[in-house]
A.B. asks: 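The structure follows.
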Amino acid sequence: MFAPVFLLCLTSVLYQTSFGFNLTIIHTNDIHAHVEEMNKYAGECKPEESARGQCFGGVARRLTKVNEIRNANPDHTILLDAGDQFQGTLWFNIYKGIEAATFMNKFNYDAMTFGNHEFDNGVSGLLPFLNMSNFPIINCNMDVSNEPDLQGKFNKSIVIEKSGKKIGVIGYLIEETEFLSNPGETVKFNDVKESMRSEITKLKAQGVDIIIGVGHYGYGNDMRLAKEVDGIDVLVGGHTHSFLYKEAGTKGPSVEKSEGPYPTVVTRPDGKPCLVVQVFFAGKYLGRLHVNFDNQGDVTRWSGLPILLDSSVQPGNLITDAMVAYHVKSLGQNGEWTDAAIAVLNSGGIRAPIVQGNITRGDILTVQPFGNNVDIITITGLTLKKMLEHSVAKYSNTDRPGAFLQMSDDSIFEITAKYLSTMDQVMMGDEGRITILTDCSTSSSQRHRASIHFIAVFVTVVTSFNIIMKYS
């Protein structure tokens with residue numbers, strides 16, 4: 001019987017190897033209430049700029065890309081935020097952080113640390129965000145022994161387990177927050193380096209050998225922290241809005257010039273590497289760092305670059321997800337949550353972008369003007385394979401035919417220049433699983449930059465299958 005194999009070919013990093021452990025770290029920092037897309041300077045995106053594809057970021061693009069990356073290999077991926085979700089647009093002026101909690105809850109963050117701006121409205125202004133958030137908030141150098149309202153609202157660190165590997169994540173915040181913001185007299189900030197050393201010692205005693213810091217401390221401070229404190233493998237930073245890309249001075253994919261390489265590699269006191277990253281501000285970019293650790297938890301290899309969230313990040317699967325969600329009311333058989341958990345839509349049925357803000361019926365009809373019916377059918381795995389093959393058969397970056405499928409959920413594969421030979425077969429495996437075999441042998445050659453989104457659980461009225469990507 002065929003045994004499914006989980007292999008992923010992605011920026012030369014192999015996730016299942018015979019040695020060590022591989023982890024993808026998705027990260028954000030200094031969002032500053034930028035819920036909507038913005039122009040290239042992080043200002044207001046005008047409708048005409050949006051129509052020309054000249055706007056960036058926004059919570060919709062950010063969530064789409066996070067889900068795409070994480071769902072490709074969830075057992076080896078974590079999502080972190082380095083603070084300063086507060087302050088920066090009218091969204092914060094009106095909602096006072098409730099908007100941040102509302103949207104962050106949709107992302108399933110593994111952990112967040114405080115930024116100094118989280119205290120701009122005092123402790124009382126922070127509490128609604130803390131009470132509403134459904135993800136861990138961490139900080140190791142904040143003393144709230146004299147502030148009962150914050151006691152029990154956060155931890156110094158968190159241990160995340162991925163594929164049996166323990167990953168310690170420690171939060172920290174710049175000591176000058178008491179002057180930079182408004183935490184009040186009851187909140188004190190201890191020395192970051194000493195607080196980190198103490199927490200690292202505690203986690204190591206618990207058998208945690210991978211240590212990641214997520215902090216609002218600044219690029220320069222993070223490099224000094226990595227150089228002076230042993231035991232830190234990765235520092236995910238914020239505060240200075242630093243754009244890291246390639247070597248310093250390199251122009252990125254938009255207007256920014258790099259302040260340093262991504263990641264910046266700092267030698268620890270013990271001679272081992274620590275990777276320092278930060279991803280600008282306002283959510284214009286999304287951080288994605290791939291790290292390989294040896295069996296002792298030390299960093300051995302790394303790759304990655306910030307992802308510009310431009311008009312190429314399209315929420316086409318939003319429509320198909322909505323189709324699935326609408327039909328959830330149809331109760332599935334055999335205890336399944338629905339009888340139709342996959343939705344498919346040809347890209348030619350999406351005729352225009354939609355500007356964030358108030359959405360009218362006219363806007364919806366502009367996006368989807370054809371008035372097509374939504375039908376529920378049962379198909380075989382072979383038919384699904386043929387659908388996917390037809391979808392990509394004539395795809396190119398310039399032509400982008402309307403046959404290219406938008407599908408619910410967020411697993412992805414890349415289309416190599418070899419085109420359909422990349423999709424060799426679809427076969428049944430153990431426990432009724434379908435595996436799509438794909439060839440990554442041309443990973444060094446030119447690729448068509450395309451992705452197909454499809455759901456992780458394919459449910460029909462007959463049975464259920466897990467769709468798994470296998471790259472050989």
Side-chain angles (χ1 to χ4, degrees), residues 27-36 42 59 80-107 109-158 169-196 198-199 213-219 221-222 225 236-241 278 281-283:
H27 60 101
T28 56
N29 60 270
D30 298 275
I31 297 297
H32 286 298
H34 281 80
V35 173
E36 302 175 76
V59 70
L80 304 174
D81 182 81
D84 267 11
Q85 285 281 336
F86 283 23
Q87 202 69 269
T89 72
L90 285 172
W91 281 87
F92 180 76
N93 292 352
I94 295 171
Y95 295 106
K96 311 298 184 185
I98 294 299
E99 83 293 340
T102 298
F103 292 116
M104 289 185 77
N105 285 346
K106 303 292 185 182
F107 282 71
Y109 274 90
D110 289 285
M112 172 197 177
T113 195
F114 296 105
N116 54 287
H117 283 290
E118 266 72 75
F119 291 93
D120 280 2
N121 289 340
V123 170
S124 62
L126 175 58
L127 288 176
F129 171 83
L130 296 178
N131 292 334
M132 189 174 177
S133 299
N134 65 6
F135 47 87
I137 299 175
I138 53 177
N139 176 281
C140 72
N141 71 304
M142 198 161 71
D143 180 358
V144 296
S145 57
N146 293 318
E147 181 46 74
D149 285 344
L150 288 181
Q151 294 171 14
K153 298 293 185 182
F154 64 95
N155 294 307
K156 292 183 178 182
S157 64
I158 185 174
V169 184
I170 308 172
Y172 56 100
L173 174 57
I174 190 167
E175 300 95 335
E176 288 80 7
T177 295
E178 60 181 302
F179 308 111
L180 298 172
S181 189
N182 186 34
E185 297 294 325
T186 57
V187 181
K188 302 299 180 183
F189 299 90
N190 298 323
D191 181 78
V192 167
K193 295 184 181 69
E194 290 304 316
S195 299
M196 287 288 288
S198 176
E199 197 64 16
V214 55
H216 202 79
Y217 200 42
Y219 180 43
N221 282 336
D222 277 339
L225 176 62
V236 175
H239 187 56
T240 47
H241 301 183
Q278 193 174 148
F281 91 113

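One-based numbering along the sequence shown. Please read these numbers as outputs of a predicted model, since none were measured by experiment.
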A.B. asks: How close do Leu150 and Leu127 get, heavy atom to heavy atom, and via which atoms?
C.D. replies: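 Between these two residues, the closest heavy atoms are CD2-CD2, 4.1 Å.
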A.B. asks: Yes or no on ring pair (Phe, Tyr, Trp, His ring centres under 6.0 Å) for Phe129 and Phe86, after CA distance, side-chain angles and deciding distance?
C.D. replies: CA-CA 10 Å; Phe129 171 83; Phe86 283 23; 5.3 Å; yes
A.B. asks: Before giving the answer on side-chain contact (heavy atoms from CB on, under 4.5 Å), spell out for Val144 and Phe154 the whole-Å C-alpha distance, their side-chain angles and the decisive distance to 0.1 Å.
C.D. replies: CA-CA 10 Å; Val144 296; Phe154 64 95; 3.9 Å; yes
A.B. asks: Between Phe189 and Phe119, what is the ring plane arrangement, given parallel below 30°, perpendicular above 60°, and tilted in between?
C.D. replies: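 Judged by the thresholds at 30° and 60°, the geometry between Phe189 and Phe119 is perpendicular.
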A.B. asks: Stepwise, does the side-chain hydrogen bond (donor to acceptor under 3.5 Å, both in side chains) test hold for Ser181 with Asp120?
C.D. replies: CA-CA 5 Å; Ser181 189; Asp120 280 2; 2.7 Å; yes
A.B. asks: With His239 as reference, evaluate Asp84, Asp30, Asn116 under the side chain to side chain donor-acceptor pair (under 3.5 Å) test and give the passing residue.
C.D. replies: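 The side chain to side chain donor-acceptor pair (under 3.5 Å) with His239 is passed solely by Asn116 among Asp84, Asp30, Asn116.
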A.B. asks: Among all residues two or more places apart in sequence or in another chain, which pass the salt bridge (charged side-chain N to carboxylate O under 4.0 Å, His left out) test with Glu199?
C.D. replies: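 Salt bridge (charged side-chain N to carboxylate O under 4.0 Å, His left out) check on Glu199 returns Lys202.
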A.B. asks: Quick check: closest heavy atoms across Gly83 and Met112, and the distance to 0.1 Å?
C.D. replies: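 Heavy-atom minimum between the residues: CA-CE, 4.2 Å.
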A.B. asks: For residues Ile138 and Val169, report the shortest heavy-atom separation together with the two atoms involved.
C.D. replies: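 Here Ile138 and Val169 meet closest at CD1-O, 3.4 Å.
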A.B. asks: Tell me, with the steps shown, if His27 and Val214 meet side-chain contact (heavy atoms from CB on, under 4.5 Å).
C.D. replies: CA-CA 9 Å; His27 60 101; Val214 55; over 6 Å; no
A.B. asks: Measure the CD-CG distance between Glu175 and Asn190 for me, rounded to the nearest 0.5 Å.
C.D. replies: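 Answer for the CD-CG pair, Glu175 versus Asn190, is 9.0 Å.
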A.B. asks: If you measure from OG1 on Thr89 to CD1 on Ile31, what distance do you get to the nearest 0.5 Å?
C.D. replies: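 So the gap between those two atoms works out to 11.0 Å.
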A.B. asks: Do Lys156 and Asn141 pass the side-chain hydrogen bond (donor to acceptor under 3.5 Å, both in side chains) test, and can you show the C-alpha distance, the side-chain angles, and the key distance before you say yes or no?
C.D. replies: CA-CA 8 Å; Lys156 292 183 178 182; Asn141 71 304; over 6 Å; no
A.B. asks: Is the CD atom of Gln151 crowded by more than 12 outside heavy atoms at less than 6.0 Å?
C.D. replies: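 Yes, the 6.0 Å shell around CD holds more than 12 heavy atoms from other groups.
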A.B. asks: Supply the atom-to-atom distance Lys96 NZ to Leu126 CG, rounded to the nearest 0.5 angstrom.
C.D. replies: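 Result: 14.0 Å between the selected atoms.
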A.B. asks: Evaluate the side-chain contact (heavy atoms from CB on, under 4.5 Å) criterion for residues Leu130 and Ile137: first the C-alpha distance (whole Å), next the side-chain angles of each, then the deciding distance (0.1 Å), finally the verdict.
C.D. replies: CA-CA 8 Å; Leu130 296 178; Ile137 299 175; 3.3 Å; yes
A.B. asks: Does Leu80 reach the side chain of Tyr109, with side-chain heavy atoms less than 4.5 Å apart?
C.D. replies: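 The answer is no, as the side chains (C-beta and beyond) never meet within the 4.5 Å cut-off.
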A.B. asks: Hey, are the side chains of Met132 and Ile98 touching, using non-hydrogen atoms and a 4.5 Å cut-off?
C.D. replies: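 The answer is yes, as the side chains (C-beta and beyond) meet within the 4.5 Å cut-off.
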A.B. asks: If you take all heavy atoms of Ala82 and Gly238, which pair is closest and at what distance?
C.D. replies: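 Taking every non-hydrogen atom into account, CB-N, 4.0 Å.
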A.B. asks: Would you say that His34 contacts Trp91 through its side chain, given a criterion of any heavy-atom pair below 4.5 Å between the two side chains?
C.D. replies: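 No - every pair of side-chain heavy atoms lies 4.5 Å or more apart.
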A.B. asks: Heavy-atom count around Tyr95 OH within 6.0 Å, excluding the residue itself: above 12?
C.D. replies: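 Not buried by this count: 12 neighbours or fewer within 6.0 Å.
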A.B. asks: Output, in order, the C-alpha distance, side-chain angles, deciding distance and verdict of side-chain hydrogen bond (donor to acceptor under 3.5 Å, both in side chains) for Gln85 and Asp81.
C.D. replies: CA-CA 9 Å; Gln85 285 281 336; Asp81 182 81; 3.1 Å; yes
A.B. asks: Let me confirm one number: the CG-NE2 distance from Leu180 to His117, rounded to the nearest 0.5 Å.
C.D. replies: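 Between atom CG of Leu180 and atom NE2 of His117 there are 8.0 Å.
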A.B. asks: How close do Met142 and Phe114 get, counting heavy atoms only, and between which atoms?
C.D. replies: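 It is CE-CE1, 3.4 Å.
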A.B. asks: Distance from Asn134 atom CG to Lys106 atom NZ, nearest 0.5 Å?
C.D. replies: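 Taking CG in Asn134 and NZ in Lys106, the distance rounds to 9.5 Å.
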A.B. asks: Determine yes or no for a side-chain-to-main-chain donor-acceptor pair under 3.5 angstrom, with Ser198 supplying the side chain and Ser195 the backbone.
C.D. replies: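 No; judged by distance alone, with no hydrogens or angles, the pair does not exist.
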A.B. asks: Enter the distance from His241:NE2 to Gln278:CD here, rounded to the nearest 0.5 Å.
C.D. replies: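 Rounded to the nearest 0.5 Å, the NE2-CD separation comes out at 7.5 Å.
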A.B. asks: Is any side-chain heavy atom of Glu147 less than 4.5 Å from a side-chain heavy atom of Val123?
C.D. replies: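 A side-chain contact exists here, since the closest heavy-atom pair is under 4.5 Å.
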A.B. asks: Considering non-hydrogen atoms only, spot the tightest contact between Ile158 and Ala111 and give its length.
C.D. replies: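 In this case the closest contact between Ile158 and Ala111 is CG2-CB, 4.1 Å.
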A.B. asks: Can you check side-chain hydrogen bond (donor to acceptor under 3.5 Å, both in side chains) on Asp222 and Tyr172, steps first, answer last?
C.D. replies: CA-CA 11 Å; Asp222 277 339; Tyr172 56 100; 2.7 Å; yes
A.B. asks: Is there a side-chain contact between Gln87 and Asn93 in this structure, where contact means two heavy atoms from C-beta onward sitting under 4.5 Å apart?
C.D. replies: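 With C-beta onward as the side chain, the pair touches.
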A.B. asks: Between Tyr217 and Thr240, is any side-chain donor less than 3.5 angstrom from a side-chain acceptor?
C.D. replies: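 Judged by distance alone, the side chains do not pair up.
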A.B. asks: Are Met104 and Ser133 side-chain neighbours, meaning at least one heavy-atom pair lies under 4.5 Å?
C.D. replies: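 When only atoms from C-beta onward are counted, Ser133 and Met104 do not touch, as no gap falls below 4.5 Å.
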